[in-house]
Amino acid sequence: MIEITNQRFNLILILPCIFIIGAFFSFFYSSNFLASISVLAYIFTMLSAILLLRGKYSLLNPVFMFCVISLTLYSLNWLPFLFVSDLYNDTYHLIGFDSSKVEKAIVKLNLLTCLWLICAVSCHLIWRNKISWRSSDIGFNYRNIAILIILISIFSFLILIDKAGSFFDLMIQREITREDRLAASIGRHWFALAQMGILGLALWAFSDSKIFKAWYFLPIFLVVLVIGFIVSGNRTSIVMSCVLVYGAWAFNSKKLFSPIIAMMLVGLFLALGLATVVREEGFSNLQESGYDTGAQEIGFFEKLLTIRSERAVQGSASLGVLMALDDGSPHINGESLKSIPYIPVPSSLLIKEKPPAAGRLAAQKLAGRNDTAWPVSPVVEAYWNFGILGVVISGIIYGLLSGFIYRVMINNFDSTIFLVGYFSYITTFSVGSDGFYKFIPVLIPLTFLYFVIVLFNSIKRRMIRIDFYDN
């Protein structure tokens with residue numbers, strides 16, 4: 001397990017401090033003074049939580065890691081609030097073209113997130129009970145199981161290509177309406193299986209440190225990374241995959257940084273940039289234009305900056321929901337949460353369609369669209385459901401749950417299956433319908449695999465006991 005030393009902690013603080021300095025200087029150049037103030041409050045709240053939760057085993061603390069990831073990997077979700085001068089949002093009628101109302105929504109989003117985090121940290125600190133329980137998979141080598149999972153992932157991907165008609169037809173699934181997509185006709189089970197490759201690789205990497213020195217590690221990693229993005233069309237899959245592999249490397253090497261990791265960070269940035277262009281421009285449009293993203297006219301990085309700002313401000317459903325509520329739209333009183341019990345159930349087994357999660361509800365209620373889903377912040381979803389009380393309750397639930405997980409992980413830091421589950425939790429889970437949709441497909445196979453190992457160990461012990469008495 002990696003312990004947080006002063007040097008490692010200072011390394012973690014470098015990027016948040018740079019952001020604080022940038023937010024401070026943005027006051028002198030930005031016309032959106034209130035938005036900049038709220039971003040600074042957001043950063044200070046996150047940084048205060050990091051300082052408060054600092055400890056020897058902070059890397060096993062979900063709330064601590066949530067703050068670190070929010071200020072680093074997920075910083076593109078809030079950084080555009082600092083440098084976008086022309087604020088408008090086109091998710092909710094014409095109201096979003098009033099810059100003052102968009103700025104008000106940004107301020108509200110950041111302050112609600114601060115309130116949520118204060119509740120989460122407070123309840124996390126309340127959990128003081130130690131947990132002595134130990135996992136049954138400690139010392140288990142997942143190599144063979146991992147290879148099987150990766151092969152199933154590749155096989156499922158080939159099945160999807162065959163069902164779609166061609167590789168190109170599979171690539172453009174995100175560009176067509178939800179009703180016309182392949183998943184609507186064959187179900188999502190092949191898609192779920194195809195995305196399990198990174199899970200197999202993570203199990204292998206956490207249980208066998210030698211894999212990082214093997215020549216075949218990088219090719220396998222790139223294959224499962226590409227398959228995950230093509231099948232899901234979601235850039236979160238890239239981030240989650242890299243965090244899982246990085247976590248395995250860090251826990252095995254007892255390091256947080258190295259020249260190789262620096263190269264991986266550059267590669268991650270380029271991969272996310274390319275994925276952003278493909279996701280927003282559309283694969284078919286790129287192919288028709290000879291893969292010209294407009295970089296010749298405005299520059300590739302400026303293009304990425306424009307797309308990211310459009311995603312965070314102009315196309316933000318979270319801001320749209322907040323503006324709709326300020327405009328008099330009613331709270332939905334838990335409507336988005338009705339979808340959670342249906343997540344593990346295949347759509348083909350249901351007579352009627354599953355209740356929509358927050359993303360689909362946002363597209364329906366804000367723009368009357370049923371063919372897409374717009375990501376909504378879990379904090380905004382909680383506020384959309386039950387107002388301020390929903391934000392407080394959501395923070396309390398996350399804090400208590402994370403406190404329990406922290407205590408479990410301290411006593412099971414050498415359990416492969418718990419480490420994979422932990423890193424999946426901190427990168428995908430949130431107290432909201434969309435968060436459950438991301439985490440449950442990881443939780444189900446890990447839970448199944450764990451109980452198989454428990455059963456295997458139980459049979460093994462029984463056989464040893466029988467042999468002992470026979471002799």
Side-chain angles (χ1 to χ4, degrees), residues 62-63 65-66 69-70 73-74 76-77 113 116 120 149 153 173-174 178 181 183 187-203 224-225 227-247 272 275-276 279 311 316-318 336-347 354-363 372-382 384-385 394 397-398 401-402 405 417 419-448:
V63 182
M65 291 302 297
F66 167 81
I69 292 174
S70 296
L73 290 177
Y74 293 155
L76 290 178
N77 292 333
T113 305
W116 179 90
I149 293 175
S153 171
Q173 289 295 303
R174 299 285 296 200
R178 186 177 294 268
R181 293 177 186 173
R188 293 204 55 84
H189 54 283
W190 289 116
F191 289 85
L193 290 173
Q195 294 178 70
M196 285 179 56
I198 191 61
L199 192 63
L201 184 61
L203 289 169
V224 298
L225 190 71
I227 288 177
F229 174 69
I230 291 176
V231 170
S232 67
N234 194 331
R235 286 151 293 190
T236 303
S237 66
I238 297 177
V239 176
M240 176 187 168
S241 301
C242 292
V243 169
L244 278 172
V245 173
Y246 168 75
L272 287 173
T276 297
R279 178 74 173 86
R311 186 79 172 179
S316 171
S318 297
S336 67
L337 304 179
K338 295 177 182 178
S339 64
I340 295 176
Y342 292 89
I343 295 175
V345 184
S347 300
K354 292 182 180 182
R360 292 194 66 185
L361 271 176
T372 188
W374 292 342
V376 175
S377 160
V379 175
V380 172
E381 181 182 354
W384 196 14
N385 276 308
S394 173
I397 292 173
Y398 186 83
L401 180 59
S402 296
I405 291 174
I417 210 162
L419 283 171
V420 174
Y422 169 74
F423 277 94
S424 301
Y425 175 86
I426 63 175
T427 52
T428 63
F429 179 78
S430 61
V431 184
S433 54
D434 289 340
F436 275 91
Y437 260 96
K438 294 175 183 177
F439 182 65
I440 286 182
V442 178
L443 179 64
I444 290 175
L446 286 179
T447 304
F448 173 77

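The model shown is predicted, which means the values in this text are computed figures rather than measured ones.
Every side chain to side chain donor-acceptor pair (under 3.5 Å) that Ser433 has, sequence neighbours left out, goes to Glu381. Here Ile444 pairs with Pro344, Ile440 under the side-chain contact (heavy atoms from CB on, under 4.5 Å) rule; sequence neighbours left out. With sequence neighbours excluded, the residues that form a side-chain contact (heavy atoms from CB on, under 4.5 Å) with Ile69 are Leu73, Tyr74, Ile426, Thr427. Among residues two or more places apart in sequence or in another chain, the ring-ring contact (aromatic ring centres under 6.0 Å, His included) test is passed with Phe439 by Tyr425, Phe429. Residues satisfying the side chain to side chain donor-acceptor pair (under 3.5 Å) criterion with Asn385, sequence neighbours excluded, are Ser336. Remark: Ser153 pairs with no residue by the side chain to side chain donor-acceptor pair (under 3.5 Å) rule, at least two apart or across chains.
Here the side chains of Ser430 and Tyr398 are not in contact, with every heavy-atom distance at 4.5 Å or above. Residues Ile198 and Val245 form a side-chain contact, since some pair of their non-hydrogen atoms from C-beta on lies under 4.5 Å apart. No side-chain heavy atom of Val431 sits under 4.5 Å from any side-chain heavy atom of Pro378. Side-chain contact between Tyr437 and Ser339 is present, with at least one heavy-atom pair separated by less than 4.5 Å. Between Ser394 and Val379 there is no side-chain heavy-atom pair separated by less than 4.5 Å.
Rounding to the nearest 0.5 Å gives a distance of 12.0 Å between CH2 of Trp384 and OG of Ser377. For the atom pair CZ (Phe436) and CD1 (Ile343), the distance works out to 7.0 Å, reported to the nearest 0.5 Å. Rounding to the nearest 0.5 Å places CG of Leu419 at 10.5 Å from CG of Leu203. One finds the CG atom of Leu446 at 8.0 Å from the CE atom of Met196 (value rounded to the nearest 0.5 Å).
Heavy atoms only, all atoms of each residue included: Ser424 and Leu244 are closest at OG-CD2, 4.0 Å. Considering every non-hydrogen atom in both Tyr422 and Met65, the closest pair reads OH-CG, 3.3 Å. Taking every heavy atom of both residues into account, Ala363 and Ala373 meet most closely at CB-CA, 4.4 Å. Of all the heavy atoms in Val376 and Ala362, the pair that sits closest is CG2-CB, 3.6 Å. Heavy atoms only, all atoms of each residue included: Leu199 and Pro445 are closest at CD2-CG, 3.8 Å. Between Val63 and Ser402, the closest heavy-atom pair is CG2-CB, 3.7 Å.
Of the possible donor and acceptor atoms, none in the side chain of Lys338 sits under 3.5 Å from a partner among the backbone N and O of Pro355.
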